[in-house]
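What follows is a single structure, written as structure tokens, with notes after it.
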Protein chains: 2
Amino acid sequence: MNVSVTIKDVAKKAGVAPSTVSRVISDSPRISEKTKRKVRKVMDELGYHLNYNGRVLVSQSTQTIGIVTKVSSDHFFENPFFSELLRGISDACHEQDYSMYLTTGNTEEAIFQEVVKMVQGKRVDGVLVLYSREDDQVVPFLRESSFPFVVLGKPVDRPGETMYVDNDNVQASKEMTRYLIGLGHERIGYVGGNSQFEVARDRLEGYRAAMKDQGLPIDEKWLKNDPSDKQDPDQIVEQLLVLEKIPTALIFTDEYNALTVMRSLSRRGVSIPEQVSIAAFNNTVVSRLADPPLTTVDTQAIQLGHESASSLIDLLKRPDMVKKSMIIPTRIVERESSCRLERNTQKKA
Amino acid sequence: MNVSVTIKDVAKKAGVAPSTVSRVISDSPRISEKTKRKVRKVMDELGYHLNYNGRVLVSQSTQTIGIVTKVSSDHFFENPFFSELLRGISDACHEQDYSMYLTTGNTEEAIFQEVVKMVQGKRVDGVLVLYSREDDQVVPFLRESSFPFVVLGKPVDRPGETMYVDNDNVQASKEMTRYLIGLGHERIGYVGGNSQFEVARDRLEGYRAAMKDQGLPIDEKWLKNDPSDKQDPDQIVEQLLVLEKIPTALIFTDEYNALTVMRSLSRRGVSIPEQVSIAAFNNTVVSRLADPPLTTVDTQAIQLGHESASSLIDLLKRPDMVKKSMIIPTRIVERESSCRLERNTQKKA
DNA sequence: TTCTTTTATGAAATCGATACCATAACCAGC
DNA sequence: GCTGGTTATGGTATCGATTTCATAAAAGAA
């Protein structure tokens, strides 16, 4: 193992020059079939394998993309949404023979430093940023360095100059809200996420727009935004249940929040979906396995991951390409956590 | 960005030799403070950053570990257990300034080829194999190449010669079985996993041993092993419910299987935990969020990942070290999915 | 047959950083 | 003042593969 067979060893044994061996490796048409056969035979005999690093140095390309995630404390990692994203990314990379370099860190600063290191050190050819957030250092840094990158999510600023892959979250949220309105719901609550993230803002906007379009008022007490992980689902439920008119439907941007609140509701004797319909985003395995299974917006995580990675690789292969962005369609998956509102139930509530 | 500043540029501008710059980078004590200051100033001015690949080539070390997972079709990826593992691995790598190279593939052959490529191409310094399975090509290949590797899970053969990190799954399964027996259960069913994997065999063994120790008979109809993903939870439940004496407790090696079976049970009016207690392995976020929350064996995924990665890195730093293995302790986390069996309920069933 | 063109291959520089060996400068000791 | 020993730094080969330029050999044209 320590004794590595190099291109020179092969060359010597085959009685040719190293450059010839190199040309055999890349299957150059300028080498005769006879020589190719001879060299390949020697490569087999010696157990030669291309040393990847030698090639990297001269070709100035690592065939590797860097993946930047949120800080680990956001529990992004533990979410199957992340896993599915990663699955899609991974598939795309393998199709194109690229590899992935994963970044993680417990603080934003640590992540930023990692990114700087991998960019400056030319450890990766391009970067895939798996979030879009206000006050982020990473994207501006990549822009300033004119380093190739793709954002998964709509960039906070200058979307025209930035390649990104995203769902239309405003639209998706509108559709989900309309779907619930279509089921007869008028008091629809919304439990969102940290509004630093573009995705949270978009979805809230879509919800508000849909309500407004249909002439339905929003009571700000139905909105529970920015639920940090410390926030207690029981607390959310309590705050909702003391209202004179409680919402008959709730939209969650996070499936886990939906589950915990659902559990809290059913413990207080609120039946789902009869008394409160529940809807959420992402449609991972979590929604499928919930009891009752969740009605969700399928954001197509695997495809999101796949498209973002392959867009990045396209960009790397043709650096002058136009910076096209991509919107992955969503669709609503109806399951048992939501149902048509019975008029009498509504009156009673 | 395209114009890279190299060590030579710095040397020229600072009026020193490239070797001196290299020594400044590694903060060698043989260079005077005055020269160091001068060189560092120039590095700043030119915006110099170490090119990682140049170093890799000469040092013959990539500071990268390869991570080998099961085939993606096993849904290992979508499981939060995997995410937590990855989180632990990632933390350990960052502590030691290593990076991770992720392998995936849809077939075993594809994964094997990936491993060969990264080992032969010297793309990584060592490999972390996240499973232990019969008829696996990867581990024998690594052994034969005497390439440094660590297995997460007990190796199928020659455990003495192999570094691994694992729980004591036999013991953990015994304890869980005893725990249920301690709650008064005598008819305990077991829904396991693909017995190609060492972990599945160990847990089944533990369950059998605990039952035997306590003089409790096992009806083979209580055992549902090897539930491939296609297997229907409803089918499992039907097969159990037609039995004259249905089990009063069920142990699952997979949390997802536990959830689907639980749902199927409650749809048929079987109440959990009053009529059937449920217990599972892994204690990821899934168990916490289930309704009712699952009693589980906490296998400490984050720590498993952390220890396996740092063991591998230790091995890389000191190749002659003794191949120590490591057992991560487990503990039972009691939640509402299991309860003491009421005598009358048992008689009735 | 001789000259030109094409084809197949070799020699050597290169990518960026490191490390060994050499050496100039300086100081101490006699 | 000369020798010997440090100390700080320079010169250069090296890691493994690629690539440009050069050239020998073969093929085709005159």
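Numbered from 1 within each chain, the chains take letters A, B, ... in sequence-line order.
Residue A:Y52 contributes atom OH, which lies 17 Å from atom P of D:dG16 at whole-angstrom precision. Straight-line distance from the CD atom of B:Q120 to the P atom of D:dA17: 12 Å, rounded to whole Å. Straight-line distance from the CD atom of B:Q63 to the P atom of C:dA17: 16 Å, rounded to whole Å. Between the NZ atom of A:K122 and the C1' atom of C:dA17 there is a distance of 14 Å, given to the nearest Å. What separates CG of A:L57 from P of D:dT19 is a distance of 12 Å, to the nearest Å. Look at NZ on B:K8: it is 15 Å from P on D:dG10, rounded to the nearest Å. Here D:dT14 presents its P atom at 17 Å from CG of A:N51, a figure rounded to the nearest Å. One atom, CG of A:D9, and another, C1' of D:dC15, lie 13 Å apart when rounded to the nearest Å.
Contact annotation: B:R30 does not reach the phosphate of D:dT7 (side-chain N/O to OP1 or OP2, under 4.0 Å). Under 4.0 angstrom from either OP1 or OP2 of D:dA17 there lies no side-chain N or O belonging to A:S19. OP1 or OP2 of D:dG16 has not a single side-chain nitrogen or oxygen of A:T6 nearer than 4.0 Å. B:S59 has no side-chain polar atom (N or O) that falls below the 4.0 Å cut-off from OP1 or OP2 of C:dA17. Taking side-chain N and O atoms only, B:Q60 has no distance below 4.0 Å to OP1 or OP2 of C:dT18. Checking the phosphate oxygens (OP1, OP2) of C:dT7, no side-chain nitrogen or oxygen of A:S32 falls inside 4.0 Å. For the OP1/OP2 pair of C:dA17 and a distance below 4.0 Å, the side-chain nitrogens and oxygens of B:Y48 include at least one atom meeting the criterion.
Listed nucleotides D:dA8, C:dG10, D:dT18 differ in distance to A:A17; the shortest reach to its side chain belongs to C:dG10. Side-chain proximity of B:R55 to C:dA17, C:dC15, C:dG16: nearest is C:dA17. Closest to the B:V16 side chain, of the nucleotides D:dT9, D:dG10, C:dG10, is D:dG10. Among the nucleotides C:dA17, C:dG16, D:dT20, the one closest to any side-chain atom of A:R23 is D:dT20. Which of D:dT9, C:dT9, D:dG16 sits closest to the side chain of B:T20 comes down to D:dT9. When each of C:dG16, C:dT18, C:dC15 is scored by its nearest atom to the side-chain atoms of B:S22, the top-ranked nucleotide is C:dT18.
Put simply, the side chain of A:Q63 reaches to within 4.5 Å of the side chain of A:S61, judged on heavy atoms.
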So A:T162 and A:R143, side chain to side chain donor-acceptor pair (under 3.5 Å) or not? Walk me through it. CA-CA 9 Å; A:T162 310; A:R143 260 193 205 125; 3.0 Å; yes
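Here B:S26 lies out of heavy-atom contact (under 4.0 Å) with every strand. Within 4.0 Å (heavy atoms only), B:G121 reaches no atom of the nucleic acid at all. Looking at heavy-atom distances under 4.0 Å, B:N53 makes no contact with the nucleic acid at all.
Side-chain atoms of A:S99 and B:R123 form a donor-acceptor pair, as typed in the model, at a separation below 3.5 Å.
Side-chain atoms of A:D136 do not come within 3.5 Å of backbone N or O of A:R133 as any donor-acceptor pair. A donor-acceptor pair under 3.5 Å links the side-chain atoms of B:N53 to the main chain of A:K122, judged by distance alone.
Residues A:Y101 and B:Y101 keep their aromatic ring centres 6.0 Å or farther apart.
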